[in-house]
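Before any comments, here is the structure.
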Amino acid sequence: MSDAPFLVSSCLAGIPCRYDARARPDDAVIEAVREGRAIPACAEQLGGLPTPRPAAEIVGGDGDDVLRGSARVMSIDGEDLTAQFVAGAEAVAEIVERHGIERALLQGRSPSCGCGTIYDGTHSGALVDGDGVLTAVLARRGLSIEPVRGRRQE
């Protein structure tokens, strides 16, 4: 087993970086970061998006489709955020490479970090099979990725 740390979505580590300026903390993730076993990163912030920001979803596919250029990441206001999502995913991939990371625990359903299930692009709360942009980038690099749904903050 590798001694390399694993990657976690910053919101799972209790950092209020989500679009709504909240976190989705997970106690085990927070402890792993505290112990130095995990490194938090937020692809959306690293891509230059502010916090808070309008909600965004992938329209026309999933993260793999975004990377192929056949889908877009759109805000609820109709702004195309594809470039920021891809840039942020690539920035996180650089962190992964620098630290020899082989495993990631990512926030489920997110247009960045969703793994296996994401929102459908209609901003209606409906879900579809697919991965977020960061998940697609990391999967292409061979990482083992597990979705986690942190607890909702009020």
Side-chain angles (χ1 to χ4, degrees), residues 6-30 32-34 38-99 101 104-141 143 145-154:
F6 56 95
L7 177 75
V8 297
S9 298
S10 290
C11 61
L12 293 172
I15 299 167
C17 58
R18 287 171 30 102
Y19 75 95
D20 59 4
R22 293 184 178 171
R24 288 289 300 225
D26 179 272
D27 292 337
V29 169
I30 291 168
V33 170
R34 186 178 299 125
I39 295 174
C42 176
E44 294 173 28
Q45 285 184 329
L46 289 172
L49 294 172
T51 302
R53 58 191 167 273
E57 295 185 7
I58 298 173
V59 175
D62 73 352
D64 276 319
D65 297 311
V66 169
L67 297 177
R68 282 193 290 272
S70 61
R72 312 298 294 164
V73 183
M74 303 297 293
S75 78
I76 195 167
D77 300 329
E79 183 179 359
D80 187 338
L81 302 174
T82 303
Q84 293 93 325
F85 272 72
V86 172
E90 292 296 338
V92 174
E94 290 175 18
I95 293 168
V96 163
E97 188 172 317
R98 186 170 43 242
H99 291 280
I101 293 171
L105 300 179
L106 301 179
Q107 173 61 38
R109 303 181 182 175
S110 157
S112 290
C113 298
C115 180
T117 305
I118 57 173
Y119 290 103
D120 73 350
T122 64
H123 294 278
S124 66
L127 298 170
V128 294
D129 292 341
D131 293 329
V133 177
L134 174 61
T135 300
V137 166
L138 298 181
R140 288 180 176 192
R141 287 168 170 74
L143 265 72
I145 304 165
E146 179 182 334
V148 174
R149 290 285 292 161
R151 68 181 179 273
R152 182 179 304 274
Q153 285 190 314
E154 300 306 322

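Given the structure is predicted, the values throughout are model-derived calculations rather than measurements. FYI, side chains are in, hydrogens and waters are out, and symmetry mates aren't considered; it's all heavy atoms of this structure. FYI, the numbering just counts along the sequence from 1.
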Between CG on residue Leu81 and OH on residue Tyr19, distance to nearest 0.5 Å
14.0 Å

Just wondering, do Leu127 and Tyr119 contact through their side chains at under 4.5 Å, heavy atoms?
yes

Looking only at non-hydrogen atoms, find the nearest pair between Ile58 and Ala71 and report the distance.
CG2-CB, 4.1 Å

Test side chain to side chain contact (heavy atoms under 4.5 Å, CB included) applied to Val59 and Val73, step by step
CA-CA 6 Å; Val59 175; Val73 183; over 6 Å; no

Excluding sequence neighbours, so at least two apart, what forms side chain to side chain donor-acceptor pair (under 3.5 Å) with Arg109?
none

N/O donor-acceptor pair under 3.5 Å between Asp120 side chain and Val128 backbone
no

Could you measure the distance from the CG atom of Leu7 to the CG atom of Leu138? Nearest 0.5 Å is fine.
6.5 Å

Does Arg53 use its side chain to pair, donor to acceptor, with the backbone of Pro50 at less than 3.5 Å?
yes

If we ignore hydrogens and angles and just use 3.5 Å, is the side chain of Ser9 paired with the main-chain N or O of Leu12 as donor and acceptor?
no

Using only atom types and a distance under 3.5 Å, with no angle test, would you say the side chain of Glu44 pairs donor to acceptor with the backbone of Leu49?
no

For the student: nearest non-hydrogen atoms of Pro40 and Ser10, plus distance:
C-OG, 3.5 Å

Is Glu90 salt-bridged to Arg141, going by a charged N under 4.0 Å from an acidic O?
yes

Heavy-atom distance under 4.5 Å between the side chains of Cys115 and Ile145, does that happen here?
yes

Taking the side chain as everything from C-beta on, heavy atoms only, tell me whether Arg24 gets closer than 4.5 Å to Arg18.
yes

Rounded to the nearest 0.5 Å, how far apart are CZ of Phe6 and CG of Leu143?
12.5 Å

Nearest 0.5 Å, what's the SG-CD distance between Cys17 and Gln45?
5.0 Å

Please report the shortest heavy-atom distance between Val8 and Ala13, naming the atom on each side.
CG2-CB, 4.5 Å

Can you tell me if Thr135 uses its side chain to pair, donor with acceptor, with the backbone of Gly114 under 3.5 Å?
yes

Using side chain to side chain contact (heavy atoms under 4.5 Å, CB included) as the criterion, list what pairs up with Ala91, not counting sequence neighbours.
Leu46

Without swapping roles, check the side chain of Gln107 against the backbone of Cys11 for a donor-acceptor pair under 3.5 Å.
no

Can you name the nearest heavy-atom pair linking Gly132 to Ile118, along with the distance?
N-CG2, 3.7 Å

Scanning both residues in full, the closest heavy-atom pair of Ser110 with Cys113 reads OG-N, 3.0 Å

Hey, could you give me each pair passing salt bridge (charged side-chain N to carboxylate O under 4.0 Å, His left out) that has a residue in residues 69-81? Not counting sequence neighbours.
Arg72-Asp80

Donor-acceptor check, side chain of Ser112 to backbone of Val133, threshold 3.5 angstrom: yes or no?
no

Calculate, to the nearest 0.5 Å, the distance between atoms CZ and CG belonging to Arg68 and Asp65 respectively.
4.5 Å

Side chain proximity check, Val86 to Val66, heavy atoms < 4.5 angstrom
yes

Compare every heavy atom of Ala41 with every heavy atom of Ile95, then report the nearest pair and how far apart it is.
CD1-CB, 4.3 Å

